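Contents: one structure, followed by commentary.
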Number of protein chains: 2
Amino acid sequence: MTVLPRRQQNRLNRERAILDAALKVFAAQGYSGASMDAVAAEAGVTKPTLYSYFPSKESIFQAMMLGKRDVMLDVFEHPSDQGMVADLLVFAWAYADTVMRPEMLSLARLIIGEVQRFPEIGRAYQASGPDHLLRGIMRYLDSQRRAGRLAFEDAELAAQDLWGLILSAPRTQALYMPDAQPDRASLARYIRNGLRVFLKAYSTAPGPDLTELEALQSAPTQQVNHDA
Amino acid sequence: MTVLPRRQQNRLNRERAILDAALKVFAAQGYSGASMDAVAAEAGVTKPTLYSYFPSKESIFQAMMLGKRDVMLDVFEHPSDQGMVADLLVFAWAYADTVMRPEMLSLARLIIGEVQRFPEIGRAYQASGPDHLLRGIMRYLDSQRRAGRLAFEDAELAAQDLWGLILSAPRTQALYMPDAQPDRASLARYIRNGLRVFLKAYSTAPGPDLTELEALQSAPTQQVNHDA
DNA sequence: GAATTTCTTTACTTGTGAGTAAAGCTTCAT
DNA sequence: ATGAAGCTTTACTCACAAGTAAAGAAATTC
């Protein structure tokens, strides 16, 4: 640990505080609706301080957005090695717990709402979030295909199918209705059904896999911790 | 046809012009970003005229949004009666041609972006668009189940699966990247794959249905006309 | 065709938000 | 400690946007 001079240390902390505040305020009010005074107040500083860290509202917005790139969990990087069905269940829950969190949904709404004015942000988010995750799913599905447990021609389509089956319905609903977030029971229903359909269409041994899925469903599922 | 007095006729026309202009401007700039002067200019009137039709910016926004409720096609109301696979293909294309149009995507972005400030609009849209359509799909799938061609327990889940398989991937991408709208060839790829997976998981006769699907795929698909 | 009513516009008021200049304070080097 | 440097604040400017008052134009009625 290099010991930074107190000034620079403070400066870094404040920059983070400002970006955190910007996320909160922009997510709640939208880009045009958010005022720099509100961001400053939320960050515990005053407006000119903001402008000593960033030259403009737009630059704060962009810095904040691009800084949030690595929020996405590398869900598919570390399979649990307890068999494909168990792996898929773990992945599905980890992913659901990530993208269905209220802050992530707010961020998604913000990006979608502003993407026509800030196209780069949409591209950056797409590349670092969904696309990155999709490649993870693809790698995993491919490994299962090589092991002879799945059969498909196009790994990308298969991965998109898995995503679409498991989470598109609850996520779409959550995007449109912030008040009515799905509870864990209905998430479980979506995940169970999605995996069932996916396995039926893609598994080389649908019967046994479905039996295994039924057996695992009663297992308790722990919520992923995100407070790190 | 009752002949309205010229005054009232003009008034109705102007109201429509204002709401159309509001849609354009709000969709392009967002609620906070749009100015009433811009709406007025787009509608070919001046600001006080706006305020003689609607009491406030918010009321224009709400009237415009709720007026757009019935845009959604009643795609699933009139099956083509050429067999389930052909029906599903027609439905899929009609739906794709509706929800993937740039204006519909802009509207969706606007709603998603503003839904935290206007929750009623999200609910209204969800009820009249997606939910309404889902019920149509459900009715159709149910009829096919009664006819013994499909097998499932929960029609709602089956309908959501169909939707998620066919359109969630391209639509999600289109929402995040307005510049990179998917072309018809890749839409066709999604639809083909989605139907294949759906039939494999839900059809009581997967083999024959898939053969039929292959046979139909080369058929020319006409784009739905929306200019009425 | 003139009077009346309704609608539309020109020309404002008021508030708010982005961005800044200059003064005051804190931290570090000597 | 004391002077110099940078950082933060108070107190502005300027521009733009929501909403309005009063004058002017158009249409309807007698």
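Computed from heavy atoms alone, side chains included, the values below leave out hydrogens, waters and symmetry copies. Per chain, numbering begins at 1; letters A, B, ... match sequence-line order. This one's a predicted model, so the numbers in the text were calculated from it and none came from an experiment.
Between the C1' atom of D:dC7 and the CD1 atom of A:I18 lies a distance of 12 Å, rounded to the nearest Å. The CD-P distance, from B:E15 to C:dT8, rounds to 12 Å in whole Å. One can place CZ of A:F61 at 17 Å from C1' of C:dG17, the figure rounded to the nearest angstrom. Taking atom CG of residue A:D37 and atom P of nucleotide C:dG15, one finds them 17 Å apart after rounding to whole Å.
Put simply, A:Y53 has a side-chain N or O that comes within less than 4.0 Å of OP1 or OP2 on D:dT8. Residue A:R14 has no polar side-chain atom (N or O) positioned under 4.0 Å from OP1 or OP2 of D:dC7. Applying the 4.0 Å criterion to OP1 and OP2 of C:dC7, one finds that B:T49 has every side-chain N and O outside that range.
Closest approach to the A:K57 side chain among C:dG19, C:dT9, D:dA18 is made by C:dG19 (side chain taken as heavy atoms from C-beta onward). Side-chain proximity of B:Y51 to the nucleotides C:dG19, D:dA18, C:dT9 is greatest for D:dA18. With distances taken from any side-chain atom of B:M36 to the nucleotides D:dA18, C:dT8, C:dG19, the minimum falls on D:dA18. With D:dT8, D:dA18, C:dA18 as the candidates, the nucleotide lying closest to the side chain of A:S35 is C:dA18. Taking the side chain of B:P48 as heavy atoms from C-beta on, and the options C:dG19, D:dT20, D:dG19, the nearest nucleotide is D:dT20.
A:S106 places no side-chain N or O within donor-acceptor distance of the main-chain N or O of A:E103, the cut-off being under 3.5 Å. Judged purely by atom type and a 3.5 angstrom limit, A:S128 uses its side chain to pair as donor or acceptor with the backbone of A:A124.
Using a 3.5 Å distance cut-off with no hydrogens or angles, the side chains of B:R171 and A:T172 do not pair a donor with an acceptor.
Here the closest non-hydrogen pair linking A:F26 and A:A34 is CD2-CB, 3.5 Å. Taking each heavy atom of B:I60 and B:A22 in turn, the nearest pair found is CG2-CB, 3.7 Å.
Remark: the B:K47 side chain and the D:dA17 base include no donor-acceptor N/O pair separated by less than 3.5 Å.
Among the heavy atoms of the strands, none lies under 4.0 Å from B:A40. Among the protein residues, B:A38 comes within range of no part of the nucleic acid, since none of its heavy atoms lies under 4.0 Å from any strand.
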